[in-house]
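What you are looking at is a predicted structure, and each value in this text was computed from that prediction instead of being measured. Proteins come first, then strands; the chains are lettered A, B, ... in the order of their sequence lines, and each starts at number 1.
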There are 2 protein chains.
Amino acid sequence: MRPGPRRSITQSGIVTAAFEILEQSGFAAVSIRGVAAALGLTPTAMYTYFPSKQDLLRAMVEALFAGVSADATDAARMADAAGATDATDAADAASDEIARERLVAAAIDLGRRLREHPGAVSLVTGDGVAGAGTVGLIERLGQGFVAGGLSVDDAARAAHALLAHTIGQVALEQAWGAASVDVAETQLWSDEPARPVAEAGERLGLRAGDPGEFRASVARLVAAWLR
Amino acid sequence: MRPGPRRSITQSGIVTAAFEILEQSGFAAVSIRGVAAALGLTPTAMYTYFPSKQDLLRAMVEALFAGVSADATDAARMADAAGATDATDAADAASDEIARERLVAAAIDLGRRLREHPGAVSLVTGDGVAGAGTVGLIERLGQGFVAGGLSVDDAARAAHALLAHTIGQVALEQAWGAASVDVAETQLWSDEPARPVAEAGERLGLRAGDPGEFRASVARLVAAWLR
DNA sequence: ACCTGAACACCGTTCAAGT
DNA sequence: ACCTGAACACCGTTCAAGT
């Protein structure tokens, strides 16, 4: 056997430990010192594996994005089950439908991953955290749009829009946080709500990230690009 | 005169000082200690005005969002100049066009504000930073969609989508940061780019936040909801 | 009400030194 | 190459005390 590192610690092991801390204690708790302690290391030893904290965060974003696949076999199966008619001409429509479902499923998967760990949005919206993993995700989403019939340029636009939309939606949910802002500051002299739209948003669960509403908004965005 | 505070410092004065630091040194530099020093105060004195750092950040978000108006007289003027025909029947189409332009202008204005200060995205995507200002912005955007003919519920959905889209777009731009990721890791044995969509995104300026592309994506989203 | 000074429990990062 | 220990220049927040 080759002489491995003195201790059985790897970059990906550190990333895994960092995700555990993120999940349990939030973004602010993801510190060089904290991760080192969780691994039984001295803070300075961390710099053997990552030259800076930003590089660790970047690696975490890479890992988070790498898992989002735009090939959703489930979605394809759903589209099949939904049942293309026996007409051979329906092939195009069916493949469009599959492309649509794959893209929606990818965005929902990404949303789920971001909501999984508290503060993962802060991770993803950090300065200069995008890397090869982000490039790969955009490529996969874009290929989905190409499969839906878009040109490469439009697919790039659509992929960026879908990614931004998903990150923004979850970011907005987290921005509301636990703090329940009083939207219902209805005037006493009136039965009309002072802020009807904002109240509707709260009632519909847009703030809290209602899954059905999220899916619908993603589907609308995808449709806006594919048609 | 009433006996004012011992020193001429107000909450909004602190917020202003905090924005100056944000603009000059980025989000990480916006600290209780740093803002206090800029005002000639002791860090502990800050707690007279804001009970915690999060409250200061919340106040900053409020200020940032409060300035985004969905009534764009400029946009209305543009629509007028663009020239409704003399037919009286064109009134509806013209007012739809005005609503559309107002909404696009509001999103562009928000995008501009977010890009103005480095790290403003981190500010806005923070945990629990949304407050009355966010409610107000959603209400104004929503009213724009109502003016475009949407129901209150759909207007709420559209307003949330537009806000999320805008924040997400700028967040994505910042995530790329100065670090230029090599998309062009083209294989030597082939003329075909390895990641055609990602390369297209870079070429089109989607990463860097090209203004024309940003406007187009916002316009597409608005149109997807208004039609 | 507004402010200071000292203190507590944290940060990221560097540097010299050990194996 | 991998790791430790000490140190530097920071954090947010609390507490007792002053006016």
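Annotation: C/dC2 and D/dA16 have their C1' atoms spaced 15 Å apart (nearest Å). Here, C/dA7 and D/dC11 have their C1' atoms 14 Å apart, quoted to the whole Å.
The shortest distance between the side-chain N/O atoms of B/T48 and the OP1/OP2 oxygens of C/dC2 is not below 4.0 Å. Side-chain N/O atoms of B/S31 include one lying less than 4.0 angstrom from OP1 or OP2 on D/dC11.
A/I14 places its CD1 atom 10 Å from the P atom of D/dC2, with the value rounded to the nearest Å. Taking atom CE of A/M46 as the reference point, atom P of C/dT14 lies 14 Å away to the nearest angstrom. One interatomic measurement links the two molecules: CD of A/Q11 to P of D/dA1, which rounds to 14 Å at whole-angstrom precision. If you measure from atom CD1 of A/I32 to atom P of D/dC11, you get 18 Å, rounded to the nearest angstrom. The CG-P distance, from A/D55 to C/dG12, rounds to 14 Å in whole Å. What separates OH of A/Y47 from C1' of D/dC8 is a distance of 13 Å, to the nearest Å. Rounded to whole angstrom, the span from the OH atom of B/Y49 across to the P atom of D/dT13 amounts to 17 Å. Here D/dC11 presents its P atom at 14 Å from CG of B/L56, a figure rounded to the nearest Å.
B/W225 and B/L150 make their closest contact through O-CD1, 3.3 Å (heavy atoms, listed as atom of the first residue, atom of the second, distance).
Residues B/L57 and B/M60 meet the side-chain proximity criterion, which asks for heavy atoms closer than 4.5 Å. Looking at heavy atoms from C-beta onward, B/F214 lies in side-chain contact with B/T166 at the 4.5 angstrom threshold.
Look at D/dC10: it lacks any Watson-Crick or wobble partner with both distances under 3.5 angstrom. The partner of C/dG5, taking Watson-Crick or G-U wobble pairs whose two distances both stay under 3.5 Å, is D/dC15.
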Inset, instruction - Quick one: do A/F145 and A/L162 satisfy side chain to side chain contact (heavy atoms under 4.5 Å, CB included)? Show the steps, please. - result: CA-CA 10 Å; A/F145 281 106; A/L162 184 56; 4.0 Å; yes
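Candidate nucleotides C/dC3, C/dG12, D/dT13 were compared by shortest atom distance to the side chain of A/K53, and C/dG12 ranks first. Taking only side-chain atoms of B/L41, from C-beta outward, the nucleotide of D/dT13, C/dT4, C/dC2 with the closest atom is C/dT4. Listed nucleotides D/dT13, D/dT14, C/dT13 differ in distance to B/T44; the shortest reach to its side chain belongs to D/dT14. Candidate nucleotides D/dA7, D/dG12, D/dT4 were compared by shortest atom distance to the side chain of A/R33, and D/dA7 ranks first.
Residues B/Q54 and A/P43 both approach DNA chain D. Their nearest nucleotides, taken by heavy-atom distance, put A/P43 toward the 5′ side. Each of A/G34 and A/P51 has a nearest nucleotide on DNA chain C; the 5'-most of these lies closest to A/G34.
Residues A/E62 and A/R58 are not paired through a salt bridge, judged by the lack of any N-O separation under 4.0 Å between the basic side chain and the carboxylate.
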